[in-house]
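Report on one structure; see the data block that follows.
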Amino acid sequence: DRLIDLFNDNRLAETISFATTLTKKFPSSLILYEVLGAANMALKITDETIKNFHKVLQLKPNHSDAYNNLGMVFYDQLKFSKAIENYQKAVEIEPSFAEAHFNLGNAFRQTSDLRKAIESYRASLTINPEDAEVLSICGQVCSDYGDFETAIHCYQKALEFDLDLAEIKVKLQRVIEKKKEIDTLVDIYAEQAELTLD
């Protein structure tokens, strides 16, 4: 209880010190390494964070939060392949882990794999369809991918659940204009193709 109180009071250095002391008495206590990992992560002490979450996984190999947290550490280090690997393990263990699907989408986006990013955002939205932040980012990625219909749908849904209305309205208007421009070009090319074939 004291350890959790220290962590909740954001007394992270004391949390780490106390938890480290407790690990000497209780070397197989999962919660100690979970708290150590979270405290080190909050303080951006990367090596210790990774070490603690690996210890969590030694004690409990199917710990989806540990994989998700490792993914976030690697993402912050710009090691997107490692981040993807850990996020994927998190969602394999816990398919209903919306945050891990969202994080996976962000990592795929960083590697320019927009199709997989969209799949991950959709998986997150299947679990939590009212997440305006995910809807907004999914809309942006769908727009970048050229799927304007889905982008428009995502932005319109995001507006229903709010976020930053002005920003989303601007993005929605841009996508609608981009879609009109592309539709016009497609019509012109289709007309030219018919003339060429004739």
Side-chain angles (χ1 to χ4, degrees), residues 1-128 131-138 140-141 163-164:
D1 288 343
R2 182 181 159 209
L3 182 65
I4 300 301
D5 288 342
L6 287 170
F7 181 77
N8 288 337
D9 289 342
N10 210 31
R11 293 158 61 187
L12 301 175
E14 290 175 69
T15 301
I16 291 168
S17 176
F18 186 45
T20 303
T21 302
L22 289 173
T23 60
K24 293 179 175 91
K25 286 186 177 182
F26 309 102
S28 298
S29 175
L30 183 68
I31 191 168
L32 294 178
Y33 296 101
E34 289 173 321
V35 171
L36 275 168
N40 280 298
M41 190 174 181
L43 291 172
K44 307 272 187 212
I45 305 172
T46 304
D47 291 342
E48 286 299 310
T49 303
I50 292 169
K51 184 176 107 180
N52 293 135
F53 285 124
H54 278 146
K55 183 65 178 178
V56 169
L57 291 169
Q58 278 180 351
L59 295 169
K60 186 179 176 186
N62 62 343
H63 198 293
S64 58
D65 280 326
Y67 280 117
N68 185 57
N69 288 331
L70 282 169
M72 288 192 283
V73 172
F74 291 125
Y75 185 94
D76 287 344
Q77 292 182 316
L78 310 181
K79 295 178 179 176
F80 301 118
S81 294
K82 280 189 159 189
I84 288 168
E85 182 183 316
N86 281 280
Y87 293 140
Q88 285 176 325
K89 286 178 182 172
V91 298
E92 283 169 19
I93 293 165
E94 189 179 342
S96 62
F97 197 164
E99 181 188 348
H101 284 290
F102 174 65
N103 291 338
L104 180 58
N106 289 338
F108 278 130
R109 184 180 184 192
Q110 292 296 331
T111 63
S112 299
D113 194 337
L114 300 185
R115 185 185 57 77
K116 285 186 179 175
I118 292 166
E119 287 173 9
S120 296
Y121 293 138
R122 284 182 172 161
S124 180
L125 289 167
T126 298
I127 300 156
N128 189 3
D131 192 322
E133 181 186 5
V134 179
L135 283 163
S136 179
I137 292 172
C138 187
Q140 180 63 57
V141 176
L163 187 64
D164 182 341

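- Sparse packing is recorded around CG of D47, with 12 or fewer heavy atoms of other residues, nucleotides or ligands lying under 6.0 Å away.
- Looking at every heavy atom in both residues, A123 comes nearest to H101 through CB-ND1, 3.4 Å.
- Between the CZ atom of F26 and the OG1 atom of T21 there is a distance of 11.5 Å, given to the nearest 0.5 Å.
- Going from atom CZ of R109 over to atom SG of C138 covers 10.0 Å, rounded to the nearest 0.5 Å.
- Within 6.0 Å of the CG atom in L43, the count of heavy atoms belonging to other residues, nucleotides or ligands exceeds 12.
- Residues N128 and V134 form no side-chain contact, since every pair of their non-hydrogen atoms from C-beta on lies 4.5 Å or further apart.
- Considering every non-hydrogen atom in both T20 and T23, the closest pair reads O-OG1, 2.5 Å.
- Annotation: the span from L36 atom CG to L12 atom CG amounts to 11.0 Å, rounded to 0.5 Å.
- Side-chain atoms of E34 and H63 include a donor-acceptor pair closer than 3.5 Å.
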Residues V141, F108; criterion side-chain contact (heavy atoms from CB on, under 4.5 Å); working and verdict:
CA-CA 11 Å; V141 176; F108 278 130; over 6 Å; no
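- Proximity of a side-chain donor or acceptor of D9 to a complementary backbone N or O of R11 within less than 3.5 Å is not detected.
- Under a 3.5 Å cut-off, the side chain of S136 and the backbone N or O of A132 do not form any donor-acceptor pair.
- The heavy-atom pair separating T49 from I45 by the smallest distance is OG1-O, 2.7 Å.
- Atom CG of L135 is separated from atom CG of L125 by 4.5 Å, given to the nearest 0.5 angstrom.
- Pairing each heavy atom of A83 with each of A107, the nearest pair is CB-CB, 4.5 Å.
- Under the 4.5 Å side-chain criterion, counting only non-hydrogen atoms from C-beta, L22 is not in contact with S29.
- Looking at N40 and N52, their side chains do bring a donor and an acceptor atom within 3.5 Å of each other.
- Within the 4.5 Å cutoff, side-chain heavy atoms of I93 are placed close to those of Y67.
- Between atom CG of residue N69 and atom CE of residue M41 there is a gap of 4.5 Å, rounded to the nearest 0.5 Å.
- Residues S64 and A90 share a closest heavy-atom pair of O-CB, 3.5 Å.
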Could you walk me through whether E48 and K51 satisfy the salt bridge (charged side-chain N to carboxylate O under 4.0 Å, His left out) test, starting with their C-alpha distance in whole Å, then the side-chain angles of each, then the deciding distance to 0.1 Å, before giving a yes or no?
CA-CA 5 Å; E48 286 299 310; K51 184 176 107 180; 3.4 Å; yes
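- One finds the OG atom of S81 at 11.5 Å from the CG atom of N86 (value rounded to the nearest 0.5 Å).
- A heavy-atom distance below 4.5 Å is not found between the side chains of K89 and E94.
- Stacking of K79 on the aromatic ring of F74 is not recorded, the 6.0 Å distance cut-off and the 45° axial limit not both being met.
- Residues K55 and Q58 are in side-chain contact: their nearest non-hydrogen atoms beyond the backbone lie under 4.5 Å apart.
- Of all the heavy atoms in T15 and F7, the pair that sits closest is OG1-N, 3.2 Å.
- The one candidate from Y121, Y87, Y75 that meets the side-chain hydrogen bond (donor to acceptor under 3.5 Å, both in side chains) condition with N106 is Y121.
- Contact annotation: the side chain of I31 approaches that of I4 to within less than 4.5 Å [non-hydrogen atoms, C-beta and beyond].
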